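In what follows, chains are A, B, ... by sequence order, proteins preceding strands, each numbered from 1. What you see is a predicted model; the values in this text were computed from it and never measured.
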2 protein chains.
Amino acid sequence: MIKKYKILVADDDLDILEIIKFNLERNGFDVTVTNKSTETYELALKIKPDLILHDVMMPEMDGFQVCRKVKHSEVLKNIPFVFLTARNEEHSEVQGFDLGAEDYIAKPIKPAALSTRLKTIIKRYVKEEELPNLNVGIFKIDRDSYVVYKNEEPISLPKKEFELLYILAGSPGKVFSRDDVLARVWGNDVYVGERTVDVHIRKIREKIGEDFITTIKGVGYKFIA
Amino acid sequence: MIKKYKILVADDDLDILEIIKFNLERNGFDVTVTNKSTETYELALKIKPDLILHDVMMPEMDGFQVCRKVKHSEVLKNIPFVFLTARNEEHSEVQGFDLGAEDYIAKPIKPAALSTRLKTIIKRYVKEEELPNLNVGIFKIDRDSYVVYKNEEPISLPKKEFELLYILAGSPGKVFSRDDVLARVWGNDVYVGERTVDVHIRKIREKIGEDFITTIKGVGYKFIA
DNA sequence: TGCCGTGTTAATGTTACTTTAATATTAATA
DNA sequence: TATTAATATTAAAGTAACATTAACACGGCA
């Protein structure tokens, strides 16, 4: 499962919203938009975005007000808040605003740059939980190199097979239903058939041997060490 | 990656700020400006500039006061602090000020000269971290000469190819995503497409041989020793 | 000025991974 | 052992990811 970052975008210009949404989604973000800054806070509470991208100049509430409100919320205050500013607006005003370490992006927006920039900002905040390498029985499962060692023999697995084995081997003996596996390897919003899991299990068994993953009929699969 | 130096500029004249900002940015600096000397210190704490360029004569706090404050901060005291002085101000006053090894620049400013001058000053302070040469398997990667030796055979690589190989070979076996590579070789604020990495990998493989960089589909590339 | 080397992009080709669907096999149980 | 449900197996279709090539832009330099 590739972590899909959620971005909340607020701008009163519907065209800009459209452009941003289109481009970010094409780059694998999960995008929610609003054209009313009064809604930003409620929306943020609801969807818990990984980043808020907010126009500075908006009717009713400006970006600074929204930012302050967000930063006073226990739940939301750790979400990076990025300002969108028109080129001729006062950048210094943004810079002077006590943002913690917030950032700002100037319009007009360069789509290619935007995704990269946001990813960088998110990564700075959300320190990816480092998933540990595993040592289970005769197997060593090494995420750094995407290689599984059976005793000393290196076996290279493609992504899905690797992640599936990683989940199973992470809790040896525990049975995972196909639904569990799909949720954890494919993610909660990807819908593929359950038989797909069977096929991947087949591939893994071919590569690491038949004796390490057992089937519990009517339940699912488990890894045995 | 070319290190992009951050300059913090303080001057009460907005026109001068504009000119300086424009010219420094054109020369590849990352520029933050303020027209309030009372803000300099806070801003510096926030953005950690590589150099502070500060007008001497400013309302509220003059440059000397700001400089003193900065030099008393554990975090900031190693940042070079450069004074901007009007031609008819007392240079001797600046020279007499106990600056450590600070510098000053006289207005009116010659844009072309400015960038060069600042670069020189920064380099004097910021001793570039010395990256070590690598010996990995049959390869020797020599930063001094930008040459890769495969056994004894010297292979000359252009900059980007060299840096890319250097990153990969620096952690043999570890998989680097294209994003990782872009961040580390191109830097966090340069936006080129991911396919660019593929092309460079191609060039490197052509030169050092096909068997040393492996592709992990869906993940990235790794160097094997 | 024109050429060469480097870096980037875009277009196209190719590979191999993923998913599905069809069929076979196995296990439970009556 | 016949029936059924569940899983295994396989091949084929679909797709995503990567490889390759060519074209262009740009700067340095003869």
Side-chain angles (χ1 to χ4, degrees), chain A residues 1-2 4 25-28 110-113 115-116 146 148 155-165 168 175-182 185-187 189-222, chain B residues 1-2 26-28 146-148 155-168 175-182 184-187 189-222:
Chain A
M1 162 173 47
I2 307 125
K4 203 173 183 185
E25 283 181 345
R26 215 182 35 167
N27 282 283
K110 290 187 190 143
S115 307
T116 320
Y146 265 72
V148 176
I155 303 166
S156 181
L157 298 183
K159 193 164 177 179
K160 284 277 192 291
E161 290 167 31
F162 185 93
E163 300 292 358
L164 172 37
L165 177 59
L168 292 184
V175 184
F176 290 85
S177 72
R178 291 176 175 71
D179 271 356
D180 289 341
V181 169
L182 286 175
V185 176
W186 275 257
D189 31 42
V190 177
Y191 306 103
V192 305
E194 293 203 337
R195 293 279 77 72
T196 298
V197 177
D198 303 27
V199 177
H200 280 86
I201 292 284
R202 174 90 270 278
K203 296 269 175 65
I204 296 173
R205 282 172 172 159
E206 270 174 13
K207 287 171 187 164
I208 71 168
E210 305 290 322
D211 306 330
F212 304 101
I213 297 173
T214 44
T215 307
I216 312 296
K217 270 198 132 172
V219 189
Y221 300 98
K222 69 175 173 184
Chain B
M1 159 170 46
I2 306 126
R26 215 182 35 168
N27 282 284
Y146 265 69
V147 168
V148 175
I155 303 166
S156 176
L157 297 183
K159 189 163 180 179
K160 284 280 191 286
E161 289 167 34
F162 185 91
E163 299 292 359
L164 173 36
L165 177 59
Y166 186 83
I167 293 297
L168 292 185
V175 183
F176 290 85
S177 72
R178 291 176 175 70
D179 270 356
D180 291 339
V181 169
L182 286 174
R184 299 197 46 189
V185 176
W186 275 258
D189 30 42
V190 177
Y191 308 104
V192 304
E194 293 203 337
R195 292 279 75 74
T196 298
V197 177
D198 302 29
V199 176
H200 281 85
I201 292 283
R202 174 90 269 280
K203 301 251 178 81
I204 297 172
R205 281 174 174 158
E206 269 174 13
K207 287 170 187 166
I208 71 167
E210 305 289 322
D211 306 331
F212 304 101
I213 297 173
T214 324
T215 307
I216 311 295
K217 270 199 142 176
V219 189
Y221 299 98
K222 68 178 172 181

Nucleotide-resolved protein contact map, nucleotides 23-30 of chain D, B/S/- at heavy-atom distance under 4.0 Å
--------
Using a 4.0 Å cut-off on protein heavy atoms (strictly under), produce a 5'-to-3' string for nucleotides 6-12 of chain C with B for base contact, S for backbone-only sugar-phosphate contact, and - for none.
SBBB---
Partners of A/Phe162 by ring-ring contact (aromatic ring centres under 6.0 Å, His included), sequence neighbours excluded?
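Here the qualifying residues are A/Tyr146.
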Output all residues satisfying side-chain contact (heavy atoms from CB on, under 4.5 Å) with A/Val192, sequence neighbours left out; order by chain, then residue number.
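Listed in chain order: A/Leu182, A/Trp186, A/Val190, A/Thr196.
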side-chain contact (heavy atoms from CB on, under 4.5 Å) against A/Val199, all qualifying residues, sequence neighbours excluded:
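Partners of A/Val199 under the side-chain contact (heavy atoms from CB on, under 4.5 Å) test: A/Lys203.
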Give me the bend of the helix from C/dT1-D/dA30 to C/dA30-D/dT1, using the axes of the five pairs at each end, rounded to 10°.
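Roughly 20° between the end axes, to the nearest 10°.
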Give every pair of a protein N or O atom and an N or O atom of nucleotides 2-4 of chain C that lie under 3.5 Å apart, one pair per line with the distance.
none

Quiz: residues 207-215 of chain B side-chain donor-acceptor pairs under 3.5 angstrom, not counting sequence neighbours:
residue: B/Lys207; atom: NZ; partner: B/Glu161; partner atom: OE1; Å: 2.8
residue: B/Glu210; atom: OE2; partner: B/Arg202; partner atom: NH2; Å: 3.2
residue: B/Thr215; atom: OG1; partner: B/Arg205; partner atom: NH2; Å: 2.9

In whole angstrom, give the distance that lies between atom CD of B/Glu206 and atom C1' of D/dT21.
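Result: 10 Å.
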Starting at CD1 of A/Ile204 and ending at C1' of C/dC17, how long is that distance when rounded to a whole Å?
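It is 13 Å, rounded to the nearest whole Å.
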Who are the side chain to side chain donor-acceptor pair (under 3.5 Å) partners of B/Asp180, not counting sequence neighbours?
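Result, side chain to side chain donor-acceptor pair (under 3.5 Å) vs B/Asp180: B/Ser177.
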Report the residues that fulfil side chain to side chain donor-acceptor pair (under 3.5 Å) with B/Tyr166, sequence neighbours left out, ordered by chain and then residue number.
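In terms of side chain to side chain donor-acceptor pair (under 3.5 Å), with neighbours along the sequence ignored, B/Tyr166 is linked to no residue.
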List, with names and distances, any nitrogen or oxygen atoms from the protein found under 3.5 Å away from nitrogen or oxygen atoms belonging to nucleotides 26-30 of chain C.
residue: C/dT26; atom: O2; partner: A/Lys217; partner atom: NZ; Å: 3.1
residue: C/dA27; atom: O4'; partner: A/Lys217; partner atom: NZ; Å: 3.1

Holding to salt bridge (charged side-chain N to carboxylate O under 4.0 Å, His left out), I want the full list of residues that pass it with A/Asp179, two or more places apart in sequence or in another chain.
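With sequence neighbours excluded, A/Asp179 shows a salt bridge (charged side-chain N to carboxylate O under 4.0 Å, His left out) to no residue whatsoever.
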